[in-house]
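Scroll down for the structure; my scribbles are underneath it.
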Amino acid sequence: MSGVNGEEHEPDCGEVLEEVYLYLDLECSEDRRTLIQKHLDDCTHCLREYGIEHEVKALVARCCGDETAPKELRERLRVKLDQLEVQVETREYLP
């Protein structure tokens with residue numbers, strides 16, 4: 001996460017576990033991936049949790065890998081995610 005002056009700081013376990021899906025799905029910046037990977041390499045607790053998350057994703061991919069969501073569902077999810085992103089960004093600036 002960015003620090004007070006916009007500088008990257010070492011993520012704590014909570015941050016890593018919150019972002020593990022972003023990490024697994026390659027949906028975070030390369031700098032953030034590097035920080036998370038370093039933390040996972042050094043922290044056995046998070047690595048164990050990451051392993052569980054990774055296995056769940058692999059199982060879902062094996063069982064449902066050939067299926068695609070209907071276009072309407074994908075569009076509804078896209079709209080909801082956009083709304084969620086706006087709420088999260090707004091909440092970060094509240095005192």
Chi angles and distances behind the side-chain contact (heavy atoms from CB on, under 4.5 Å) call for Leu22, Arg33:
CA-CA 9 Å; Leu22 296 174; Arg33 285 187 55 75; over 6 Å; no
I'd like to check [X] versus [Y] (side-chain heavy atoms, cut-off strictly below 4.5 Å). Are they in contact?
{"X": "Lys57", "Y": "Asp25", "value": "yes"}
{"X": "Glu15", "Y": "Asp12", "value": "yes"}
{"X": "Glu19", "Y": "His39", "value": "no"}
{"X": "Ile36", "Y": "Leu40", "value": "yes"}
{"X": "Val16", "Y": "Cys43", "value": "no"}
{"X": "Tyr21", "Y": "Glu27", "value": "no"}

Measuring from Cys28:SG to Leu35:CG, what's the distance to the nearest 0.5 Å?
9.5 Å
Leu73 vs Arg76, test: side-chain contact (heavy atoms from CB on, under 4.5 Å). Steps then yes/no.
CA-CA 5 Å; Leu73 175 60; Arg76 284 193 345 243; 3.7 Å; yes
Any carboxylate oxygen within less than 4.0 angstrom of a Lys/Arg side-chain nitrogen, looking at Asp42 and Lys38?
yes
